[in-house]
A.B. asks: 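There's a structure below that I have some questions on.
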Amino acid sequence: MSRNNPIRYAIALLIALFGALIAYAALTIPGLSPLLWAAAAVVLAGVFAAASVQIADQWEKALVLRLGRFSGLRGPGVFAIVPLIDTVAYWIDLRTITTSFRAEKTLTRDTVPVDVEAVLFWRVRDPERAALEVEDYRSAISWAAQTALREVIGKSDLANMLEGRERLDAELQRIIDVRTEQWGIHVSSVEIRDILIPRELQDAMSMQAQAERERQARVILGDSELQVAKKFEEAARTYQDNPTALHLRAMNMLYEGLKEKATLVLVPASVLDTMNLGTTLGLSALAKHVTEGDRDRRGTPAGDETARPPATGGPGVP
């Protein structure tokens with residue numbers, strides 16, 4: 001594999017111009033015709049010089065073969081090869097490379113078909129082995145990663161895959177690294193991007209999660225009611241030994257119910273008798289009724305205390 005570089009073209013152009021000047025001089029100046037051969041030789045040397053100059057980037061290594069046999073690694077920077085004898089077979093990138101791969105419709109150990117997408121991070125540690133031990137190390141890494149992914153999926157349950165992705169990542173990295181180590185390639189990490197399951201299974205898992213949430217809510221509600229019942233039991237014991245506190249509590253309950261406007265509270269008579277409120281409320285209502293009836297007989301408007309006749313006079317006193 002060969003690559004173009006600007007230095008090669010610059011050298012070829014300069015030597016070609018120099019050869020053209022020699023040829024022009026040989027044609028225009030009498031007696032310098034033998035220089036035509038020199039011009040041809042200069043042009044040919046320029047072609048060979050341009051073909052021999054190569055440039056490797058900072059992150060690259062060039063694998064050179066001499067007559068088909070491994071000669072060595074060159075680069076980074078400018079280096080020279082022997083044209084027609086040496087060839088640059090590979091330009092190997094030494095940076096960390098990412099490769100995405102996936103496994104489609106692969107059955108888990110509990111026979112669930114899943115689609116899994118993952119990303120592989122790797123780099124070449126030994127360029128010589130990467131170029132000589134495998135035909136195309138990039139394709140080989142991709143196929144090795146897919147095979148390892150299918151193998152790990154077949155040994156795992158769906159629940160373990162969804163909950164333990166870190167464990168699957170570590171297992172995948174170990175398997176792939178063992179397979180690619182003989183090619184001079186090191187696997188830095190493997191990360192599972194997504195796990196896709198059938199739509200029907202997603203709905204079933206959603207219903208299961210919803211039922212579990214509802215069960216937890218009911219359990220919490222039951223515990224809350226149990227705590228409230230215990231508190232009521234403690235309060236009842238307090239009121240049993242303290243009738244005054246019970247009476248005040250009952251009055252407070254009636255007040256809370258009646259303080260809002262347009263509120264009607266129905267209280268059973270038995271409850272009032274138990275709280276000793278029936279007599280009090282009845283006497284209050286009777287006193288109010290008698291007072292209002294007396295005012296009506298005397299013709300005094302309700303609430304007008306100044307219009308009441310004096311109470312010291314007898315029936316015949318004006």
A.B. asks: Given the rule that I, L, V, M, F, W and Y join up when any side-chain heavy atoms are under 4.5 Å apart, are V187 and V119 in one cluster?
C.D. replies: no
A.B. asks: Between D169 and S189, is there a donor-acceptor pair closer than 3.5 Å when you use the side chain of the first and the backbone of the second?
C.D. replies: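 No, D169 side chain to S189 backbone: no donor-acceptor pair under 3.5 Å.
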A.B. asks: Say you draw a straight line from OG1 of T147 to CD1 of I175; how long is it, rounded to the nearest 0.5 Å?
C.D. replies: 10.5 Å
A.B. asks: Is there a path of hydrophobic side-chain contacts, each under 4.5 Å between heavy atoms, that joins I141 and I97?
C.D. replies: yes
A.B. asks: Taking R123 for its side chain and R95 for its backbone only, find out whether a donor-acceptor pair lies under 3.5 Å.
C.D. replies: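 No; judged by distance alone, with no hydrogens or angles, the pair does not exist.
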A.B. asks: Could you go through E171 and R174, starting from their C-alpha distance and side-chain angles, then the distance that decides it, and tell me whether this counts as salt bridge (charged side-chain N to carboxylate O under 4.0 Å, His left out)?
C.D. replies: CA-CA 5 Å; E171 183 67 16; R174 185 189 64 82; 2.7 Å; yes
A.B. asks: Hey, is the main chain of A103 close enough, under 3.5 Å, to the side chain of Q146 for a donor-acceptor pair?
C.D. replies: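 Not at all, since once roles are kept as given, no pair shorter than 3.5 Å links the two residues.
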A.B. asks: List the steps, then state whether salt bridge (charged side-chain N to carboxylate O under 4.0 Å, His left out) holds for K230 with E234.
C.D. replies: CA-CA 6 Å; K230 290 182 178 179; E234 295 177 2; over 6 Å; no
A.B. asks: Tell me whether the count of non-hydrogen atoms from other residues, nucleotides or ligands lying under 6.0 Å of CD in E135 goes above 12.
C.D. replies: no
A.B. asks: Run the side chain to side chain contact (heavy atoms under 4.5 Å, CB included) check on I192 and L172 step by step: do they pass?
C.D. replies: CA-CA 9 Å; I192 295 179; L172 278 173; 4.3 Å; yes
A.B. asks: For the pair Y90 and Y137, name the ring-plane relationship: parallel under 30°, tilted 30 to 60°, perpendicular over 60°.
C.D. replies: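 The arrangement is tilted - the two ring planes meet at 30° to 60°.
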A.B. asks: Run through Q54, R74, R66 and flag the one making a side chain to side chain donor-acceptor pair (under 3.5 Å) with D86.
C.D. replies: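 Filter result, single survivor: R66.
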